[in-house]
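Reviewing the structure listed below.
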Amino acid sequence: QVFYLTVDSKQLKRTILLIVSLKGYQTSFVEFLNKRSSVRSGEMAKLTQLIDNEVFRAYATYATIVLLKMMLMSLITAYFRITRKAFANPEDAASLGKGDSAKKFLRTDADVERVRRGHLNDLENIVPFFGIGLLYALSGPDLSTALLHFRIFTGARILHTFAYLIPLPQPGRGLSWAVGYAVTISMAYKVLSKALYL
């Protein structure tokens, strides 16, 4: 038995062109994937270069120290709340009594409030340091200058915490705050002077 197939030549040309163009897209898609892969490899290389950068490592070290110090303030606040039996929330006070006897623990305490103010001051100063310090580290400063900035800021914040908790007489706390603040402003100035797009 013989079958005859009749094919429209125009239809055949369109089909062949479609297959060829799909092959071209397939090649283009493979090339696209290869380019994406090489771009990602380049990004990973840049990331490892960043980690190998001594200034960035110094920034990461001191940023971690001040962030851990700030986290420690939460634990100190909890310690003072428990030892002074001064709670802000009824459910916390309920662990020490029921009803009216628990209400007497819903109060403010001078020591707790002092620690809280120190913690708030950390938030107001360490968060800007974290952002501006990162931009500063990426702006390519000298390692010695960057270390000076990072060490002075870290020392000032630790001294500020002791000045708040002990408490040390003024102007100790005010000076330690001002020194840390000045370091952050100095780094911001360096970043703006290097990459000013205003």
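- Within 6.0 Å of CZ on Arg116 lie no more than 12 heavy atoms contributed by other residues, nucleotides or ligands.
- Side chain to side chain, Thr161 and Lys69 meet the donor-acceptor criterion of an N or O pair below 3.5 Å.
- Both Phe130 and Met70 belong to a single network of hydrophobic side chains, linked directly or stepwise wherever heavy atoms of I, L, V, M, F, W or Y lie under 4.5 Å apart.
- Hydrophobic clustering (side-chain heavy atoms under 4.5 Å, transitive across Ile, Leu, Val, Met, Phe, Trp, Tyr) groups Leu148 together with Val191.
- Taken to the nearest 0.5 Å, the CE atom of Met73 stands 9.5 Å off from the CG atom of Leu123.
- At a threshold of 4.5 Å between side-chain heavy atoms, the hydrophobic network of Ile, Leu, Val, Met, Phe, Trp and Tyr places Ile126 and Ile76 in two separate groups.
- Taken to the nearest 0.5 Å, the CZ atom of Arg114 stands 10.0 Å off from the CZ atom of Phe80.
- Across every non-hydrogen atom of Ala156 and Val179, the tightest pair is CB-CG1, 4.1 Å.
- Between atom CG of residue Leu72 and atom CG of residue Asp122 there is a gap of 9.5 Å, rounded to the nearest 0.5 Å.
- Under the 3.5 Å distance criterion, the side-chain polar atoms of Ser186 are left unmatched by any main-chain donor or acceptor of Ala182.
- Between Ser74 and His119, the closest heavy-atom pair is OG-CE1, 3.1 Å.
- Here the closest non-hydrogen pair linking Ala163 and Gly172 is CB-C, 4.4 Å.
- A tilted orientation is assigned to the rings of Tyr59 and Phe129, their planes being inclined by 30° to 60°.
- Take Tyr62 and apply the ring-ring contact (aromatic ring centres under 6.0 Å, His included) test, not counting sequence neighbours, and it matches no residue.
- Leu134 and Leu143 end up in the same hydrophobic cluster when Ile, Leu, Val, Met, Phe, Trp and Tyr side chains are linked at under 4.5 Å.
- Taken to the nearest 0.5 Å, the CZ atom of Arg157 stands 12.0 Å off from the CG atom of Leu67.
- One N or O on the side chain of Ser176 and one on the backbone of Arg173 form a donor-acceptor pair closer than 3.5 Å.
- A distance of 9.0 Å separates OG1 of Thr184 from NE2 of His149, quoted to the nearest 0.5 Å.
- Results of the side-chain contact (heavy atoms from CB on, under 4.5 Å) test with Val115 over Leu75, Asp109, Leu165 single out Leu165 as the only residue that passes.
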Val183/Phe150 under side-chain contact (heavy atoms from CB on, under 4.5 Å): CA gap, chis, key distance, verdict: CA-CA 8 Å; Val183 168; Phe150 300 151; over 6 Å; no
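- When all heavy atoms of Ala58 and Leu147 are compared, the closest pair comes out as CB-CD2, 3.6 Å.
- Expressed to the nearest 0.5 Å, how far CD1 of Ile152 lies from CG of Leu159 amounts to 12.5 Å.
- For the pair Val55 and Ala146, the tightest heavy-atom approach, listed with the atom from each and the gap, is CG1-CB, 3.8 Å.
- When every heavy atom of Pro141 is checked against every heavy atom of Ala137, the shortest pair comes out as CD-O, 3.8 Å.
- Residue pairs meeting the ring-ring contact (aromatic ring centres under 6.0 Å, His included) criterion with at least one partner in residues 159-182, sequence neighbours excluded, are His160-Tyr164, Trp177-Tyr181.
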